[in-house]
K.L.:
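Please find one structure pasted underneath; my questions will follow.
Worth saying up front: this structure is predicted, and the values here are computed from it rather than measured. All residue numbers refer to positions in the sequence shown, counting from 1.
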Amino acid sequence: MATTHIKQDGTTPSKTLDRGYPPGPPAVGTNSLAQLRFGLRVTSDPLNVMLGWFKQYGDIVHLQFGEKAHVYFLAHPDDFHTVLVEKADQFHKAGSYKDEKRGLARILGNGLVTSDGDYWQQQRKLIQPALHARRIEAYAEEMVRLTQYMLQSWQDGQTIDVNHAMMGLTLAIVAKTILDTDINSDAEKIAEAVTVFQQLAFGVDIFPLWLPTPSHLKQRRVEKAMNEVVTALVTQRRKATEDRGDLLSMLLNSTDEAGQGMSDQQIRDEIVTLFLAGHETTANALSWTWYLLAQHPAVEQKLHAELDDVLQGKPLTLADLKKLPYAEQVLQESMRLYPPVWNMSRQALADVEIGEYIIPKGSEVNLNTYAMHHDPRWWNEPERFLPERFHPDRQTTAPKMAYLPFSTGPRVCIGNSFAMMEARLILATLAGRYRLTLSDGYQLQMEPLIALRPRGGLQMTLQER
Ligand code: HEM
């Protein structure tokens, strides 16, 4: 695919004839103080720093870190296609996913999000059937039931942290549907561990991990608490021996070609991975949607009109979803403006040609979905919330690859259909009963960790409709 690397202001960055490195910020020296200073600047606001680089340097930004590490930042749809589809076999997971001490791998181990190669392929094949579009239809009723259960605790006029509420709900849903488990009081332990480890993966910590700093002690505590929850779940199920037909039973009963079953550690890693990947992204997508609806009364009214027409006071069913196209467009547009997975990292396994450059083997490549979703070359008035962009009859100006909330290629989100069904059911059930409003003068800040979250939660007031 041909890539024209132009800056967002329309000019072309200077090219090196010998295909040297793309433009980018000055190299960060080997000196640890320089690295720390740079790290603090970037991690305090990684998304805005990267957006600034794309504006200044164009669609491929290069950063040399220390003597040997080359890091690339990409924002062009053609380059997403190269890395995720065309040359996907030349990349492995990298960056914040892989670091076993401070990255996601510390909490997820070698589960589906962090693993690579043959092992990843084998695990993907094993897990895929549990999340297949037809299979998940059976989960719809449970999703609505758990949403209605949460609604019982909601009261007109109450102010709640909507992000926290969405996290609790989506975690309960993933636990019940995929693992046939009621997590109840354990939900807090899992949610806390997920937050602490994301902050760790995106923060700067100058102290060695063995040092008992308050932050390290907290990490150890939440890690232990979460491992206890998951270990108890696996032990209890191993003892019970019955096959409940859910994903956990499938994992426990699976064997590889040599007839070897999965170890407790492997099962633990897949469960924690599904807990994390399966709840936090959907919860954030919904939180951003409530935030946007509160600021766009015309969109909210159109959504309410669609819901009232279909629901007429009855509980929502799976069959109703196809009668709610606008609800789907609202969610799609919300994930364009606030893609829950705003950045994806890969490592080049060989020298790889991307656009007009050769990316050396071992480089880290970061695909910035947020930048691509806000690029005026693909999206008219990119900062406006216009769900109608996703109306099927609407001629879109955006290339197919310019909208990738669930990624694409072999590592496309395995829970894509699950998430879209769940988000539509939750949105429709809650918006059928309540409006969620923001307090005057509320200033939202984004917190770009592994997932893009509202910083400090999202306080909103419930208004019964
Ligand atoms: C709105 C909700 C969701 C969004 C936006 C989302 C987005 C993504 C994205 C962008 C990736 C690719 C990451 C990368 O390759 O670097 C991914 C992978 C993944 N997602 Fe989702 N996801 C969502 C919901 C879910 C749900 C509900 C589940 C499970 C029930 C799930 C499970 C996974 C897993 C296991 C992977 C790794 C797949 C692999 O590498 O083979 N996700 N997701």
K.L.:
Tell me whether the rings of Tyr403 and Phe390 are parallel (<30°), tilted (30 to 60°) or perpendicular (>60°).
P.N.:
tilted
K.L.:
Using the six-membered ring wherever Trp is involved, compare the ring planes of Tyr370 and His374 and label them parallel, tilted or perpendicular (cut-offs 30° and 60°).
P.N.:
parallel
K.L.:
With a 3.5 Å distance limit and no angle check, can you tell me whether Arg237 reaches the backbone of Leu179 through a side-chain donor-acceptor pair?
P.N.:
yes
K.L.:
Would you say Thr369 and Trp342 make side-chain contact, with heavy atoms under 4.5 Å?
P.N.:
no
K.L.:
When you check the gap from the basic side-chain N to the acidic O, do Arg220 and Glu223 get nearer than 4.0 Å?
P.N.:
no
K.L.:
Using the rule given for side chain to side chain donor-acceptor pair (under 3.5 Å), can you reason through Asn343 versus Asn366, listing the C-alpha separation, both sets of side-chain angles and the distance that settles it, and then say yes or no?
P.N.:
CA-CA 6 Å; Asn343 182 73; Asn366 287 283; 3.0 Å; yes
K.L.:
Given the rule in the side chain to side chain contact (heavy atoms under 4.5 Å, CB included) test, do Met446 and Tyr338 qualify, once you have shown the distances and angles that lead to the verdict?
P.N.:
CA-CA 9 Å; Met446 294 187 285; Tyr338 297 103; 3.8 Å; yes
K.L.:
Which heavy atom of Asp156 sits nearest to which heavy atom of Tyr434, and what is that distance?
P.N.:
N-OH, 4.0 Å
K.L.:
Would you say Glu270's side chain and Leu112's backbone share a donor-acceptor pair under 3.5 angstrom?
P.N.:
yes
K.L.:
Do Phe91 and Leu84 have side-chain heavy atoms sitting under 4.5 Å apart?
P.N.:
no
K.L.:
Can you label the angle between the Phe418 ring and the Tyr139 ring as parallel, tilted or perpendicular, going by 30° and 60°?
P.N.:
perpendicular
K.L.:
Between Arg411 and Asp116, does any NZ, NE, NH1 or NH2 come within less than 4.0 Å of an OD or OE carboxylate oxygen?
P.N.:
yes
K.L.:
Without hydrogens or angle criteria, can the side chains of Tyr119 and Gln266 be said to hold a donor-acceptor pair below 3.5 Å?
P.N.:
yes
K.L.:
When rounded to the nearest 0.5 angstrom, what distance separates OG in Ser153 from CD1 in Ile160?
P.N.:
7.5 Å
K.L.:
Closer than 3.5 angstrom, by distance alone: can the side chain of Ser363 be matched with the main-chain N or O of Ile359 as a donor-acceptor pair?
P.N.:
no
K.L.:
What heavy-atom pair brings Met166 and Leu286 nearest, and what distance separates the two atoms?
P.N.:
SD-CB, 3.9 Å
K.L.:
Once rounded to the nearest 0.5 Å, what's the spacing between atom NE2 of His164 and atom CG of Leu169?
P.N.:
12.0 Å
K.L.:
Of all the heavy-atom pairs spanning His279 and Val174, show the shortest one and how long it is.
P.N.:
CB-CG1, 4.5 Å
K.L.:
Check whether any side-chain heavy atom of Tyr291 lies under 4.5 Å from a side-chain heavy atom of Pro454, and answer yes or no.
P.N.:
no
K.L.:
Quick one: CG on Leu311 to OG1 on Thr429, what's the gap to the nearest 0.5 Å?
P.N.:
7.5 Å
K.L.:
Between Glu86 and His81, is there a donor-acceptor pair closer than 3.5 Å when you use the side chain of the first and the backbone of the second?
P.N.:
no
K.L.:
Where do Arg238 and Ser263 come nearest, in terms of heavy atoms and distance?
P.N.:
NH2-C, 3.8 Å
K.L.:
Calculate, to the nearest 0.5 Å, the distance between atoms OG and CG belonging to Ser115 and Asp269 respectively.
P.N.:
9.0 Å
K.L.:
Taking atom OH as the centre, does Tyr149 end up with more than 12 heavy-atom neighbours from other residues, nucleotides or ligands that are less than 6.0 angstrom away?
P.N.:
no
K.L.:
Report yes if the side chains of Ile107 and Leu276 come closer than 4.5 Å at any heavy-atom pair, otherwise no.
P.N.:
no
K.L.:
Look only at the side chain of His296 and the backbone of Leu386, and say whether a donor-acceptor pair between them is shorter than 3.5 Å.
P.N.:
no
K.L.:
With side chain to side chain contact (heavy atoms under 4.5 Å, CB included) as the criterion, how do Arg346 and His92 come out once you've worked through the C-alpha distance, each side chain's angles and the decisive distance to 0.1 Å?
P.N.:
CA-CA 5 Å; Arg346 297 289 188 270; His92 269 180; over 6 Å; no
K.L.:
Supply the atom-to-atom distance Leu303 CG to Leu324 CG, rounded to the nearest 0.5 angstrom.
P.N.:
8.5 Å
K.L.:
Is any side-chain heavy atom of Ile178 less than 4.5 Å from a side-chain heavy atom of Asp246?
P.N.:
no
K.L.:
Should Met420 and Phe406 count as side-chain neighbours, where that means a heavy-atom distance under 4.5 Å?
P.N.:
yes
K.L.:
Without swapping roles, check the side chain of Ser417 against the backbone of Ala133 for a donor-acceptor pair under 3.5 Å.
P.N.:
no
K.L.:
With no hydrogens and no angle check, is any side-chain donor or acceptor of Arg336 less than 3.5 Å from a backbone partner on Pro382?
P.N.:
yes
K.L.:
Could you tell me if Thr461 and Thr159 have a donor-acceptor pair between their side chains, going purely by distance under 3.5 Å?
P.N.:
yes
K.L.:
Sub-3.5 Å donor-acceptor pair from the side chain of Arg465 to the main-chain atoms of Ala431, do we have one?
P.N.:
yes
K.L.:
Show every salt bridge (Lys or Arg N to Asp or Glu O under 4.0 Å) that has at least one partner inside residues 425-446, sequence neighbours left out.
P.N.:
Glu300-Arg435, Arg433-Glu464
K.L.:
With a 4.5 Å cut-off on side-chain heavy atoms, are Arg268 and Asn227 touching?
P.N.:
yes
K.L.:
Determine, step by step, whether Arg145 and Glu142 satisfy the salt bridge (charged side-chain N to carboxylate O under 4.0 Å, His left out) criterion, reporting the C-alpha distance in whole Å, the side-chain angles of both residues, the deciding distance to 0.1 Å, and the verdict.
P.N.:
CA-CA 5 Å; Arg145 190 187 67 78; Glu142 200 62 61; 2.5 Å; yes
K.L.:
Has Ser334 got a side-chain atom pairing as donor or acceptor with Val330's backbone, closer than 3.5 angstrom?
P.N.:
no
K.L.:
Between Lys323 and Glu306, is there a side-chain N and carboxylate O pair less than 4.0 Å apart?
P.N.:
no
K.L.:
Looking at Val113, is its backbone amide N or carbonyl O close enough to the side chain of Lys93 to form a donor-acceptor pair, meaning the two atoms are under 3.5 Å apart?
P.N.:
yes
K.L.:
Which of these passes side-chain contact (heavy atoms from CB on, under 4.5 Å) with Asn284: Leu458, Leu452, Asn163, Val341?
P.N.:
Asn163
K.L.:
Run the numbers on Trp288 and Met335 for side chain to side chain contact (heavy atoms under 4.5 Å, CB included), then give the verdict.
P.N.:
CA-CA 8 Å; Trp288 295 116; Met335 287 193 291; over 6 Å; no
K.L.:
Going through the checks in order, is the salt bridge (charged side-chain N to carboxylate O under 4.0 Å, His left out) test met by Lys314 and Asp320?
P.N.:
CA-CA 10 Å; Lys314 299 186 302 284; Asp320 293 326; 6.0 Å; no
K.L.:
Find the distance between CG (Asp264) and OG1 (Thr235) and round it off to the nearest 0.5 Å.
P.N.:
6.5 Å
K.L.:
May I ask you to test the Gln90-Gln347 pair for a side-chain heavy-atom distance under 4.5 Å?
P.N.:
no
K.L.:
Can you name the closest pair of heavy atoms from Leu307 and Ala428 and give their distance?
P.N.:
CD2-CB, 3.5 Å
K.L.:
Compare every heavy atom of Thr273 with every heavy atom of Gly111, then report the nearest pair and how far apart it is.
P.N.:
CA-OG1, 3.5 Å
K.L.:
Could you check Val229 against Leu233 for side chain to side chain contact (heavy atoms under 4.5 Å, CB included), going step by step and ending with a plain yes or no?
P.N.:
CA-CA 6 Å; Val229 172; Leu233 179 62; 5.8 Å; no
K.L.:
Counting only heavy atoms not in Arg384, do more than 12 fall under 6.0 Å of its CZ?
P.N.:
no
K.L.:
Taking salt bridge (Lys or Arg N to Asp or Glu O under 4.0 Å) as the cut-off, I'd like each qualifying pair that reaches into residues 414-430, sequence neighbours left out, listed once.
P.N.:
Glu328-Arg424
